[in-house]
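See below for the structure under consideration.
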Amino acid sequence: SKESGRNRLSAYSNRMMEDLERKIILETQLASAMVNNEFHVFYQPIVDAQSLQVVKVEALLRWKHPEMGWISPSEFIPIAETSGMIIPLGNWVIYQACADIIKLKQCGYPDLIVTVNVSVLQLEQDPFLEVISRILSEARIRPEDIELEITESTTMSQGKAAETLMMLLDLGVKISVDDFGTGYSSLSYLRRYPLHTIKIDKSFINEMTVVDFDRTISKAIIDLGHNLQLKVVAEGIETEEHFNLLRALGCDEIQGYFISKPLDFATMCKFLQNFNLKVG
Ligand code: C2E
Ligand code: CA
Ligand code: CA
Ligand code: CA
């Protein structure tokens with residue numbers, strides 16, 4: 001009826017208003033949230049498929065809002081990107097990760113690599129290289145201790161971002177292409193940059209054991225990476241079956257809930273102490 005049609009329409013526009021309101025609230029509170037220490041860096045272990053040891057941990061940002069609770073980065077990172085807050089927030093994540101690298105060295109994990117997600121907007125910002133160099137030298141951390149994860153996109157290999165990428169590589173910082181296979185139509189940038197790692201996006205992994213196509217894609221990405229002397233990481237591994245399949249396909253490093261969810265720093269340290277993976 002006309003009446004229920006109108007109700008449906010208003011329910012729809014109410015939801016749109018609520019989404020918009022939430023977005024505006026988050027956008028206006030991003031800056032104060034930084035000042036109020038509402039951001040936390042969690043870490044998710046990444047395991048070497050051969051040695052079954054944890055060789056890296058990925059830094060993943062979390063926002064603990066006083067009223068709304070934990071907010072996912074997939075919700076607030078895009079907002080931080082459009083508002084420009086990604087610059088100070090991204091710098092803070094790098095700074096925090098470096099502080100935690102020092103703690104990890106003191107706790108007996110001197111060679112554990114910490115990977116940090118970096119927005120292309122950070123690479124396009126003028127002093128990014130100086131920011132990185134300064135944080136590394138102040139923390140007395142080797143460039144090899146850190147790996148920057150950059151989401152595959154057209155803009156990453158053009159202009160200022162491309163320039164910064166090359167200088168970071170010269171500096172000795174490792175670069176990983178995140179969400180590989182989802183954002184770019186050309187592979188020529190792989191030839192131009194001495195990158196270190198590609199990460200197969202978890203959307204390919206999800207149904208790999210049931211969907212032949214995704215398994216074929218994963219295998220092709222692994223072989224492509226190896227032919228280019230790159231390490232290949234798979235993310236989103238949730239079961240032992242997935243884990244073993246990726247190992248059999250030759251994947252180098254594996255990350256996902258099957259190993260561990262992202263953990264706060266203290267919990268991650270305990271996890272490392274007790275970690276002993278046994279797979280069939
Ligand atoms: P991403 O870099 O692709 O990170 C992987 C996401 O998959 C993370 O979500 C992680 O918690 C989740 N994940 C890991 N293993 C599994 C699994 O086995 N199953 C499932 N279903 N999910 C898994 P998270 O932490 O919510 O982060 C979402 C995205 O936000 C990240 O995707 C990354 O693009 C972005 N992000 C997170 N932290 C930062 C940051 O500090 N800076 C920037 N620029 N982006 C960040
Ligand atoms: Ca990532
Ligand atoms: Ca991903
Ligand atoms: Ca991503």
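Just follow the structure's listing: the first ligand is 1, and inside any ligand the first atom is 1. Only heavy atoms go into these numbers, but all of them, side chains included; no hydrogens, no water, no symmetry mates.
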From the candidates Y257, W70, F76, the one that places a heavy atom nearest atom 18 (O) of ligand 1: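 The nearest heavy atom belongs to Y257.
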Under 4.0 Å, counting heavy atoms only: does [X] come that close to any atom of ligand 1?
X: D178; value: yes
X: R62; value: yes
X: S119; value: yes
X: E58; value: yes

Got a sec: is [X] within less than 3.0 Å of the Ca ion (ligand 2) via an N/O/S atom?
X: E58; value: yes
X: D178; value: yes
X: N117; value: yes

Pair R15 + D19: basic N to acidic O under 4.0 Å: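 A salt bridge is present here (some side-chain N lies under 4.0 Å from a carboxylate O).
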Show which side-chain atoms of residues 267-279 pair as donor or acceptor with protein atoms under 3.5 Å away, not counting sequence neighbours.
{"from": "T267", "atom 1": "OG1", "to": "D264", "atom 2": "OD1", "distance (Å)": "2.9"}
{"from": "T267", "atom 1": "OG1", "to": "D264", "atom 2": "OD2", "distance (Å)": "3.0"}
{"from": "N274", "atom 1": "ND2", "to": "K270", "atom 2": "O", "distance (Å)": "3.1"}

Contact atoms of ligand 1, heavy-atom distance to V93 under 4.0 Å: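 Reading through ligand 1 atom by atom, the close ones are 41 (O).
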Can you name the N, O or S atom of D179 that is closest to the Ca ion (ligand 3)?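 Minimum-distance N/O/S atom of D179 relative to the Ca ion (ligand 3) is OD1.
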